[in-house]
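For reference, the structure is listed below as structure tokens.
When reading the values below, keep in mind they use all heavy atoms of this one structure, side chains included, and skip hydrogens, waters and symmetry mates. The chains referred to below are lettered A, B, ... by the order of the sequence lines, with proteins before strands, and numbering in each begins at 1.
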Amino acid sequence: MKRAEQIDGHKHMTPERYNARVTEPKWQRIWEEKEIFRTNGKDSRPEYYVLEMFPYPSGRIHMGHVRNYTMGDVIARYKRARGFNVLHPMGWDAFGMPAENAAWHNKSHPADWTYANIAAMRAQLKSMGLSIDWSREIATCDPGYYKHQQRMFLDFLKAGLVTRKKAKVNWDPVDHTVLANEQVIDGRGWRSGALVEQRELTQWFFKITDFAEDLLYALDDLPRWPEKVRLMQANWIGRSEGLALRFELVPSPQADAREIEVYTTRPDTLFGAKFLAVAADHPVALDAARKDPGLAAFISACRHGSTSAAEIETADKKGYDTGLRARHPFDPDWLLPVYAANFVLMDYGTGAIFGCPAHDQRDLDFANAYGLGNTPVVCPPGEDPFSFTITDKAYEGDGLVINSRFLDGMTTEAAKEEVARRLESRPLGNRPQARREINYRLRDWGISRQRYWGCPIPVIHCESCGVVPVPEKDLPVELPRDVSYDEPGNPLDRHPTWKNVACPACGAPARRETDTMDTFVDSSWYFARFTDPWNDKAPVTAACIEKWLPVDQYIGGVEHAILHLLYARFFTRAMQATGYMGDLKEPFAGLFTQGMVVHETYRSKSGEWLFPSDVRIEAGPGGRRAFHAGSGEEIEIGPIEKMSKSKRNTIDPDDIISSFGADTARWFVLSDSPPERDVIWTEEGVQGAAKFVQRLWRLVGELAGLAAPAGTPLPEDLPPEAMGIRRMVHMSLAKVEEDIERLRFNRAVAQVHDLANKLSAAIGGIETERVSQELRAVFREAADILVLMVAPMMPHLAEECWAHLGHKDLAAEAAWPAAGKELLIEETIALPVQVNGRKRGDVVVARDAGRAAIEEAALALEPVRRALGGKPVKKIIIVPHRIVNVVA
RNA sequence: GCGGACGUGGCGAAACAGGUAGACGCAAGGGACUUAAAAUCCCUCGACUUCGGUCAUACGGGUUCGACUCCCGUCGUCCGCACCA
């Protein structure tokens, strides 16, 4: 039987059944007509900006989107009910390669493909009943969006935040474009998965390293970010304090260089030095290679070997003795061999190191391979300094300095300071021999992409004037519509006319930049554009930035912990530096990284992946077995994995929404798993959620039959039974409130279940005709609270219930009910009683019962007496309102 | 290799300023209502038990009146970074 029939098929028998297929579109229409989610900038209530990471318009939403946008919507609706003026917008991260791939394969135009996808996905998101202000919708591929981005690029250029430089870049041979370091995962392109090659190209860079220090230290000002993400960013930025130290070279016919500068964080181990090593493409190595064919061959081999990052990982430490010798800074007669080595990176520090094998594992591996020996100069705490030796495991920790002349006996910290102090005040040539230096692992952000479907970089190359910015009056530099995808590479570059322009400075024929910007640029400021998407003159409006930013709660996947979130933090600073952001530095005050939606995989005997819809599950006491729905063949149930097209373990949100309704889908993705963890999608789970929708509808119907009319005030004095119900309802309300505030949606769901169970029990034995007025008033309140509690999570069902309960307004506009604080305090409490830490029973005492009364009641318990077995009581520990422990 | 997180019933999970371990849901089993099924409702559901209890939060220790929670060690799983000097 099809799902839709399952849901609707019983309608004729049980007309009171809740029908999401009719109800959900109805309320969506009413919300839209009344424009209740349109955010008014003039509203004087406190603002709250909740944002989910905007989607790439791939064509269809997936369950990950459903989970992400449901969480955001719960917060948005809850905050609205709490009296906030909520901004909850939606847009499209619309530039990118898939549109071009589609163009390549289907002969479609990237723009047509993208806008058709946007239309389809917008309809899907609307069917989820999200409380979004659609009037603010933006697409980054719209010239009305990217023209502002081009203007900011030029402002950044003017402010010195953009540079153009020749650099070794990561080249993706499949996508035919450059990737930033952040976009290379395990040596492969983040999108294509192809092994990345190194190429030397002239590229545009955003100078993110200018903000390295601030990006690092400001992480401490983000208490509402996950610790994990802050740590990942801190590691990525990778700050280290050390010494840039120059070694004098013994004059040699081998090379012209007179010195080599190294960078070290361990100047305290200087007396353990056994060699110097420079990167293969270090100037000194290149120089020496001119007279040494063997070295030239080694350098060439290093370049070759390093084309794939995967090889670097497994490569052995290899080196080549250049024949050069360096003098030890503290002993001119102590000569150190200078190697070119494959493990030294040219673009970190100075591209050269001194090797101390005893206290650095890499240096030790290298020294052992080339027979350079080692001298321990740091003695670990607890080791005997006279017998401490190193063989194949370096000691990298702190300790007491040994074998180091004037440093002997110092701590690691003191020795570092002493070496720095001596060398920075001692000249070598006309400069101090060393200076303290801070290095970062973070590299500048290369944004040039050799693609068509991206934001054009607004500059013109002129033979005589060089790089000339496009004048502001000529913005936007729009993409040409007519491009061909007959061959790989950049269609913009091949376009017959587009790139030919006159130089804005001298008027001579010139050429447009044909690279476009990395799409991560587009997503680095969209959150700011949402605050005033109508501003045609400028990217943002100062007053709106001031009013709405930072985003109060941002929600998305952890996969953006470094890329997008670091770029957005940089962009905010760059925008601040160019006068767009007021004094705002951090874009997202609160960040939540949600888990994925995962599903079982199914594989036939022949090894073919099967869609869940083609698989029939049979469950019994012996476990679950799977069969092919058509042939009946038994199917292997594979591991639970992230939903993916290749494994076919996907569930289409459209199918779920059209058969069960959006509320069921929303309720399910909020249930069971904590939101930061993966949630396992199961057919049983969805069925359970759908059943609960019906159950809640029935329960509210029953409550409506018992309840006083809407608006009936509660009587002053309530009998104990009625008070008990009130207390129970308000307790649940308080818990759900706290759970939503803390984004613990799975607990909020459990609390609603719990309250439904308790209310069902409470009305179970009641005869409708004989319900007292007091009880009717309490049921009225209980029903109202139950519905409003559920409203952020299942808004359509709540709306229908709200109307059924006789309300004339909308649940979506109703205020969050106030939990009565006095109701949360019980007059009598049940205290668990332990004997020697083991629970033996409970005593029910007055909340304010005295110590003596509690002790007496506890000792009177039969199980307590039995457990004591006549032994004398040593003491009785009473933790007020929590527990009693009798120690014997 | 470095950094981090986590390990609780058949399953997803609750409980953690140290205080009743397993809330809530799923699956399963039994029953009621039905010609029957679905739906619905009721009961059982960590293990063992002489029905008094005993043992259980990966494993081994420790601190404490009391430990899933804190400390030390071991094992395992997952994630991030990866020759960063």
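- No engagement by A/Arg230 is indicated, since no non-hydrogen atom pair under 4.0 Å with the nucleic acid exists.
- With a cut-off of 3.5 Å on both Watson-Crick or G-U wobble distances, the partner of B/rC26 is given as B/rG10.
- Within the nucleic acid shown, A/Asp360 has no heavy atom closer than 4.0 Å to any nucleic acid atom.
- For A/Ile680, the listed nucleotide lying nearest its side chain is B/rG12; candidates were B/rU20, B/rG12, B/rC41.
- The number of heavy-atom neighbours closer than 6.0 Å to CD of A/Glu413, taken from other residues, nucleotides and ligands shown, is 12 or below.
- With B/rG66, B/rG80, B/rU20 as the candidates, the nucleotide lying closest to the side chain of A/Asn885 is B/rG66.
- Using atom C1' as the reference point in both B/rU77 and B/rU8, the two lie 15 Å apart (nearest Å).
- Between B/rC83, B/rC24, B/rA27, one nucleotide has an atom nearer to the side chain of A/Asn342 than all others, and that is B/rC83.
- No side-chain donor from either of A/Gln594 and A/Arg677 sits under 3.5 Å from a side-chain acceptor of the other.
- Of the candidates B/rA13, B/rU20, B/rG12, B/rG12 carries the atom nearest the A/Asp672 side chain, counting heavy atoms from C-beta on.
- Nucleic acid contact class of A/Val344 (heavy atoms, under 4.0 Å, all strands): base.
- OP1 or OP2 of B/rA13 lies within a sub-4.0 Å distance of a side-chain N or O belonging to A/Arg677.
- Phosphate proximity of B/rC84 to A/Asn235: absent, as no side-chain N or O sits under 4.0 Å from OP1 or OP2.
- When the C1' atom is used for both B/rA56 and B/rG9, the distance is 10 Å, rounded to whole Å.
- Look at B/rG61: its glycosidic torsion is beyond 90° from 0, and that puts it in the anti range.
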side-chain hydrogen bond (donor to acceptor under 3.5 Å, both in side chains) between A/Arg695 and A/Ser760, worked out: CA-CA 10 Å; A/Arg695 177 157 179 238; A/Ser760 291; 3.3 Å; yes
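- B/rA58: Watson-Crick or G-U partner is B/rU74, with both key distances under 3.5 Å.
- Rounding to whole angstrom units, CG of residue A/Asn746 and P of B/rG25 are separated by 14 Å.
- Note: CZ (A/Arg624) to C1' (B/rA28) measures 12 Å, nearest angstrom.
- Straight-line distance between the C1' atoms of B/rU44 and B/rG76: roughly 34 Å, to the nearest whole Å.
- Among B/rA27, B/rC81, B/rA14, the nucleotide with an atom closest to any side-chain atom of A/Trp236 is B/rC81.
- Regarding A/Glu684, its CD atom lies at a distance of 11 Å from the P atom of B/rC26, rounded to whole Å.
- Nucleic acid contact for A/Asn439: none, since no nucleic acid atom lies under 4.0 Å from a heavy atom of the residue.
- The glycosidic torsion of B/rG29 lies more than 90° away from 0, placing the base in the anti range.
- No close placement of the A/Phe592 and A/Trp225 rings is indicated, their centers lying 6.0 Å or farther apart.
- In a base pair of the Watson-Crick type (N1 to N3 plus N6-O4 or O6-N4) or a G-U wobble (N1-O2 and O6-N3), with each distance short of 3.5 Å, B/rC41 is matched with B/rG31.
- Using C1' as the reference atom, B/rU54 and B/rC16 are 26 Å apart when rounded to the nearest Å.
- Distances were taken from every side-chain heavy atom of A/Arg443 (C-beta onward) to each of B/rC84, B/rA13, B/rG19; the shortest belongs to B/rC84.
- Of the candidates B/rA39, B/rA85, B/rC24, the closest approach to any side-chain atom of A/His753 belongs to B/rC24.
- Per the geometry, CG belonging to A/Leu563 stands 12 Å off P belonging to B/rG80, to the nearest Å.
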I'd like to know whether A/Phe660 forms a ring pair (Phe, Tyr, Trp, His ring centres under 6.0 Å) with A/Phe668, so could you lay out the CA-CA distance, the side-chain angles of the two residues, the decisive distance to 0.1 Å, and finally the verdict. CA-CA 11 Å; A/Phe660 294 104; A/Phe668 179 71; 9.9 Å; no
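- Checked by atom type and distance alone, the side chain of A/His328 pairs as donor or acceptor with a backbone atom of A/Leu270 at under 3.5 Å.
- One atom, CD of A/Gln751, and another, P of B/rA13, lie 18 Å apart when rounded to the nearest Å.
- Note on A/Thr264: only backbone sugar-phosphate atoms sit closer than 4.0 angstrom, heavy atoms only; bases stay farther off.
- Here the nucleotide nearest the side chain of A/Arg838, chosen from B/rG25, B/rC83, B/rU54, is B/rU54.
- When the P atom is compared between B/rG3 and B/rU74, the two are found 14 Å apart, to the nearest whole Å.
- Dashed line: the shortest gap from a side-chain N or O of A/Arg744 to OP1 or OP2 of B/rA15 is under 4.0 Å.
- Counting only heavy atoms from C-beta on, A/Ala750 has its side chain closest to B/rC24 among B/rA85, B/rG19, B/rC24.
- Contacts of A/Leu231 with the nucleic acid, taken as non-hydrogen atoms under 4.0 Å apart, involve only primed sugar atoms and P, OP1 or OP2.
- Aromatic pair A/Phe275/A/Phe366: ring centres closer than 6.0 Å.
- At the heavy-atom level, A/Arg362 lies under 4.0 Å from base atoms of the strands shown.
- B/rG66: no Watson-Crick or G-U partner with both key distances under 3.5 Å is found in any strand.
- For the residue pair A/Asn439 and A/Glu437, a side-chain donor N or O sits within less than 3.5 Å of a side-chain acceptor on the partner.
- Distance CG (A/Asp268) to P (B/rA85): 14 Å, rounded to an integer number of Å.
- Put simply, CG on A/Asn757 is 12 Å from P on B/rA23, counting in whole angstrom units.
- Within the 4.0 Å cut-off from OP1 or OP2 of B/rA85, at least one side-chain nitrogen or oxygen of A/Tyr348 is found.
- Nearest to the side chain of A/Ile562, among B/rA13, B/rC81, B/rC65, sits B/rC81.
- Among the protein residues, A/Gln834 comes within range of the nucleic acid bases, having at least one heavy atom under 4.0 Å from a base atom.
- With rounding to whole Å, A/Gln694 atom CD is found 12 Å from B/rC41 atom P.
- Distance noted for atom P between B/rA17 and B/rU69: 13 Å (whole Å).
- Residue-level contact check: A/Lys874 touches neither bases nor backbone, having no heavy atom under 4.0 Å from any strand.
- Side-chain atoms of A/Thr601 come within 3.5 Å of backbone atoms of A/Pro639 as a donor-acceptor pair (strictly under, hydrogens ignored).
- Rounded to whole Å, the separation between the P atoms of B/rG18 and B/rA67 comes to 13 Å.
- When both pairing distances are held under 3.5 Å, B/rC2 makes a Watson-Crick or G-U pair with B/rG80.
- B/rC68 and B/rG52 have their C1' atoms separated by 28 Å, given to the nearest Å.
- A donor-acceptor contact under 3.5 angstrom links the side chains of A/Ser240 and A/Tyr263, judged on distance only.
- Residue contacts for A/Asp347: at a heavy-atom cut-off of 4.0 Å it reaches no nucleic acid atom on any strand shown.
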